[in-house]
Trainee: 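Here it is, the structure, as structure tokens.
Letters A, B, ... are given to chains in the order of the sequence lines, protein chains preceding strands, and every chain is numbered from 1. Just so you know, these numbers use all the heavy atoms, side chains as well, and skip hydrogens, waters and symmetry mates.
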Amino acid sequence: MKMSALIGERYKEKPADCTIESHALMVRGGYIKQVNTGVYTLLPPARRITQKIERIIREEMDRIDGQEVLFPVVLPADLWKESGRFTSVGKELVRLKDRMGADMVLGMTHEEAAVHLARDAAKTYAKYPFMIYQIQTKFRDEPRARGGLIRVREFTMKDAYSFHTSQEDLEAYYDRCYEAYERIFKRAGCKNVIAVLSDSGMMGGSISHEFMLLTDIGEDTLVICCNCDFKANLEAAENIVDNSALSAIEPLTLVPTPDMATIEEVAGFLKKPHNATCKAVVYQKNSDDSFVIVFTRGDLEVNETKLRNFLCEEVHAGVVTPESGIVAGFIGPMGLDAKKITVVFDRSLEGIGALVCGANTIDHHYTGFNIERDYGKVSYVDVAKAVEGGICPVCGKRTLKISNGIEVGNIFQLGTKYTKSMDMQYLDENGELHYPIMGCYGIGVGRLAASVCEESHDDYGPIWPISIAPWEVQVCILRADQEEPKRIGTELYEALEKAGVDVIMDDRLVSAGVVFSEADLIGAPIRVTVSPRNLKDGMVELTTRDKGVKKQVPVVEALDAILDLRKELFDKIAKTL
RNA sequence: CGGGGUGUAGCGCAGCUUGGUAGCGCGUUUGGUUCGGGACCAAAAGGUCGCUGGUUCAAAUCCAGUCACCCCGACCA
């Protein structure tokens, strides 16, 4: 490729709408152009990156016996009605009608399509296990796309579906997939990816993992133990508390707390620690708007995903009205109408001898509240968020750390949700019918590209790992108007192309500053500078984008030196596997 | 869906308060001078000022509506 012909502008100034680095650099470097909210055109540099990522994914999926297929983007709604998701999924599923008025959907995921294929193709146990995968466009009408390719509405995804005749077989395959994923991220040069336990949602309750790139701009919150291997998404991280120091019992006393509606105010006024208070958080069920009140220890927060999973129902933040009989700011367990209100006690309250809690009367709280003595026996559930410095549910030490991450992939033991709802069965050795057990496995291709950029860049541009770089080598000709640099640069460029190297040459008649700054935006790991200054001594300059290498090599040795350096960079990645 | 913000040339922006020939920087084209970290001089091309309606002799500017995009939150099988 020659820069003079490369389509797309590179910008000196940072585009106004970009708030994260990878987004700004990919716009500035001519990788992506926004068409709509969360919808982008990929220009050649970005397309080359995603193609290389796709190639790596294909190789690793094939290695674990995956078979590539291609499902349609537009699917008949009937399939989604079979699984029940035509109505259960919200507006992120785009529904449309064809000319006959038939309902259609844009594929946001392809479990239905996979089962549609597999239920006819795998009626006998002899076909199992098998995995089918595709790399294809998904459309999800996200409520809020943001951050360039990090969170978009239309994107390319690798999605895979495996089918098994036993849970053990699924688990064995799941482990293979886990390893394949680790290889994919390493091969893509993504260093800070970890696998965390994730929330499986309300369907199934089986195992799932998310592969997270650790970065401050990540939208997911992760709980990581510094002492053992425990790593989980906040939604899936059990919150453990130790209330042994709070077991002292006091008499129940009603105290006036004028205008003190927050834990902060009440605890300060009564001179009690936050963890000896009982906080009430009000929700309403989406189904009938009935109230759900969650009581947790005052120093903790409710994780709504945990709450939803416990209730098996969608909830939203409650709006307390005068008619509801709920006294906002002074809510306590005692005296709530249990017929009308679902009351949930978080585990963090268990074993506390004397709590401060609301009295359900304006301007009053109780002190010395003991749940068992004053309210009765309750079953505690875990609905609070784990906290920094909290107790690890695995090793029991106070070594939990909270981090942020971008989800670049997930693997999921699905069970029989789709095979049952869509009536997929196979005949076993005894002629009996069974529902196959499924797993599904996703990787966002564009998000992975943007994540690598986010992880690996400097002020001047991305620093692409050689395995996914749009070009491996960039030949920079300075003074392309002069015969010698132009000829030698072009010869080198042609020799590299002939040697199978992905090479781009800047052959334009522009100043050195433009050549270098735009080369930084292209981010090729290897740069060869051909200039009159070096040619005077019969040399060219060889540098790496990460500034690790900077040396002069004789023109005659340049090709070999570049090929050696290229091999070295590839070997470095291979060594991490 | 709630809160906030912005729409003027490919990109970044000024002009709007106080209505009167649509501007600046970057980029692009042409000619010339430069040449190792976004050069300089000269000339030029490029805009229904998001859209619709209203007020007015006259609207980028005032008024109403509408659409789009961005940010924060809600949400994300």
Trainee: I want to know whether A:Tyr174 and A:His209 have ring centres closer than 6.0 Å.
Mentor: yes
Trainee: So does A:Arg28 reach the base of B:rG27 with its side chain, donor to acceptor, closer than 3.5 Å?
Mentor: no
Trainee: Which is more 5' along RNA chain B, the nucleotide nearest A:Val89 or the one nearest A:Pro532? Just name the residue.
Mentor: A:Pro532
Trainee: Among A:Lys486, A:Arg479, A:Arg487, find the residue that satisfies the salt bridge (charged side-chain N to carboxylate O under 4.0 Å, His left out) test when tested with A:Glu483.
Mentor: A:Arg487
Trainee: Does NZ or CZ of A:Arg95 lie under 6.0 Å from the centre of the six-membered ring of A:Phe86, at an angle within 45° of the ring axis?
Mentor: yes
Trainee: Listing time: all N or O pairs from protein to nucleotides 39-42 of chain B that are below 3.5 Å?
Mentor:
{"from": "B:rA39", "atom 1": "OP2", "to": "A:Ser511", "atom 2": "OG", "distance (Å)": "3.3"}

Trainee: Once you apply a heavy-atom cut-off of 4.0 Å, does A:Thr19 come out as touching a base, just sugar-phosphate, or nothing?
Mentor: sugar-phosphate
Trainee: For a quick check of understanding: with a heavy-atom distance under 4.0 Å over all strands, which category does A:Glu407 fall into, base, sugar-phosphate or nothing?
Mentor: nothing
Trainee: Using the closest heavy atom to pick a nucleotide of RNA chain B for each, name whichever of A:Tyr40 or A:Arg151 lands nearer the 5' end.
Mentor: A:Tyr40
Trainee: Taking only side-chain N and O atoms of A:Asn534, does any of them lie within less than 4.0 angstrom of OP1 or OP2 on B:rG36?
Mentor: no
Trainee: Does a distance-only test, which skips hydrogens and angles, find a donor-acceptor pair under 3.5 Å between the side chain of A:Arg140 and the base of B:rC76?
Mentor: no
Trainee: Counting side-chain heavy atoms from C-beta on, which of B:rG36, B:rC70, B:rC35 comes nearest to A:Gln34?
Mentor: B:rC70
Trainee: With the threshold set at 4.0 Å, does a side-chain nitrogen-carboxylate oxygen contact exist between A:Arg140 and A:Glu92?
Mentor: no
Trainee: Give a yes or no on whether a donor-acceptor pair under 3.5 Å exists between the nucleobase atoms of B:rG73, that is its base, and the side chain of A:Arg146.
Mentor: no
Trainee: From B:rC76, B:rC69, B:rG36, pick the nucleotide closest to the side chain of A:Ser531?
Mentor: B:rG36
Trainee: Students often get this wrong, so: under 4.0 angstrom with heavy atoms, is A:Arg508 touching a base, only sugar-phosphate, or nothing?
Mentor: nothing
Trainee: Give a yes or no on whether the ring-centroid distance for A:Tyr161 and A:Tyr418 is below 6.0 angstrom.
Mentor: no
Trainee: When you compare B:rG65 with B:rA74, how far apart are their C1' atoms, in angstrom units rounded to a whole number?
Mentor: 27 Å
Trainee: When the C1' atoms of B:rA58 and B:rC13 are considered, how many whole Å apart are they?
Mentor: 27 Å
Trainee: Distances under 3.5 Å between protein N/O atoms and the N/O atoms of nucleotides 12-14 of chain B, please, pair by pair.
Mentor:
{"from": "B:rG12", "atom 1": "OP1", "to": "A:Ala16", "atom 2": "N", "distance (Å)": "3.3"}
{"from": "B:rG12", "atom 1": "O2'", "to": "A:Glu13", "atom 2": "OE2", "distance (Å)": "3.4"}

